[in-house]
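To start, the structure under review is shown below, and the notes come after it.
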Amino acid sequence: MIILVINSGSSSIKYQLFNMEEEIVVAKGGIQRIGIANSFLEHETHEGKETRIDQDIPDHAAGIRLMMDVLLDEEYGVINDIDEIDAVGHRVLHGGEKFTESIIIDEEVVKTIEEYCDLGPLHNPHNLTGIRVCKKLMPDKPQVAVFDTSFHTTMPEKAYLYALPYEYYEKYKVKRYGFHGTSHRYVSRRCAQLMNRPYEELKIISCHLGNGASIAAVANGKCVDTSMGLTPLEGLVMGTRCGDIDPAIIKFIMEKEGLTIEEMDKIMNKKSGLLGISGISNDSRDVSEAAKNGNYRAKLALELFDYRIVKYIGAYMAAMGGVDAIVFTAGIGENQFETRANIIEQLGFLGIKLDPEANKVRGEEKEISTADSTVKVFVIPTNEELMIARDTLALI
Ligand code: ADP
């Protein structure tokens, strides 16, 4: 069974081609800068053959056609015919309240994803473009949508409702949806496997710390709370997003600075977080480097980042009445051991202890807590693409 996984963004498309018999990625790559100058495709095969094609890629259709050419290429290709692809799995950001699970895409599903474009305006339209182009190229092959929000649809009302007039929930479905669901689902399930215990019996806190960052509380195999909200802006301090703030700040700064709603929105989404506090970068590596060189604001940015996570872990332990395991994943969670050490140290009063030697790990699955730690702590590299491929296989 050969499954193509597509993540179609505003100016990029990432792809992975899976052979599901062995669950291996036979080829993967990305198309960048679609519709802008200097567009290119990067591609590598399981055997380690790599290529880069620099050419004008005016739109997503051209990008996906180019991807197909490379997949069929004599030298860098991995299939002989497009027909060898059995199905396509698409990452879709927003599945609203309706999509509680992954689903085979038909006209009705497309229509609903379209309706949710106002909830996910930066992603859903581009996810849809990917779906439409693939449907055209492979009309007979099943296409599956895997939503970032589905995993969180098990949250109880008390966790997903905002304390705004109820009519906004009724009229506009204003509620906490949460994101990174495929990642939280993958690492929390994997955590249960590594612990050799039933997923349904565990309380797990999953920390997805990348440029975008969120935490999920998973109790008895179900998400019961998560830090992102109606949009990915809420919750943790992120690369460029502010996360939780007093909502009254928005009006206050807009009035002081004479800003429009769009400008304020951009400040909170693109100019805040690690970048906003440090004034240096949204990339935690640059911020860490500056902090090590004594830059005060860089140090402060990292402190804020870690402190917010500590608070959320504390809150989710209270929400679940305890925790069996904490998992770190994504760029920062998998690689920045100082961040992990600093967070767990602040939770030391609960008897949670890291093994400093084990914590040196980068990008590998590992238990990093000591044998006598009251809570197990793991690094588990996320694999959203594999999860999408597995869902696609299960549905077809
Ligand atoms: P995205 O949310 O864009 O998918 P990633 O999960 O790739 O982001 O995470 C990006 C963040 O992870 C950046 O802050 C980056 O500094 C950090 N990161 C990625 N790789 C490493 C690494 N090898 N060492 C330290 N930090 C890393």
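Counting starts at 1 for both ligands and their atoms, in listed order. Just so it is clear, the values below take in all heavy atoms, side chains as well, and ignore hydrogens, waters and symmetry mates.
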For L164, the side-chain contact (heavy atoms from CB on, under 4.5 Å) test, sequence neighbours excluded, returns Y162, Y168, V174
What residues, two or more places apart in sequence or in another chain, satisfy side chain to side chain donor-acceptor pair (under 3.5 Å) together with H90? Q143
Pair K141 + E84: basic N to acidic O under 4.0 Å: no
Lys/Arg-Asp/Glu bridge criterion (N-O < 4.0 Å) met for K98, E115: no
Any protein N or O within less than 3.5 Å of an N or O in ligand 1? List each pair with its distance, or say none.
residue: ligand 1; atom: 2 (O); partner: N211; partner atom: N; Å: 3.1
residue: ligand 1; atom: 2 (O); partner: G212; partner atom: N; Å: 3.3
residue: ligand 1; atom: 6 (O); partner: G331; partner atom: N; Å: 2.9
residue: ligand 1; atom: 8 (O); partner: N211; partner atom: N; Å: 3.2
residue: ligand 1; atom: 9 (O); partner: N211; partner atom: N; Å: 3.4
residue: ligand 1; atom: 12 (O); partner: I332; partner atom: N; Å: 3.2
residue: ligand 1; atom: 14 (O); partner: S284; partner atom: N; Å: 2.9
residue: ligand 1; atom: 14 (O); partner: S284; partner atom: OG; Å: 3.1
residue: ligand 1; atom: 16 (O); partner: D283; partner atom: OD1; Å: 2.4
residue: ligand 1; atom: 16 (O); partner: S284; partner atom: N; Å: 3.2
residue: ligand 1; atom: 16 (O); partner: S284; partner atom: OG; Å: 2.9
residue: ligand 1; atom: 16 (O); partner: R285; partner atom: N; Å: 3.2
residue: ligand 1; atom: 16 (O); partner: R285; partner atom: NE; Å: 3.2
residue: ligand 1; atom: 20 (N); partner: N335; partner atom: ND2; Å: 3.4
residue: ligand 1; atom: 24 (N); partner: R362; partner atom: NH1; Å: 3.0
residue: ligand 1; atom: 26 (N); partner: Q336; partner atom: NE2; Å: 3.3

Just jot down the side-chain contact (heavy atoms from CB on, under 4.5 Å) partners of S227, sequence neighbours excluded, or say none. S214, I215, L236, Y312, Y316
Passing option when S206 is tested against R185, R190, R189, H184 for side chain to side chain donor-acceptor pair (under 3.5 Å): H184
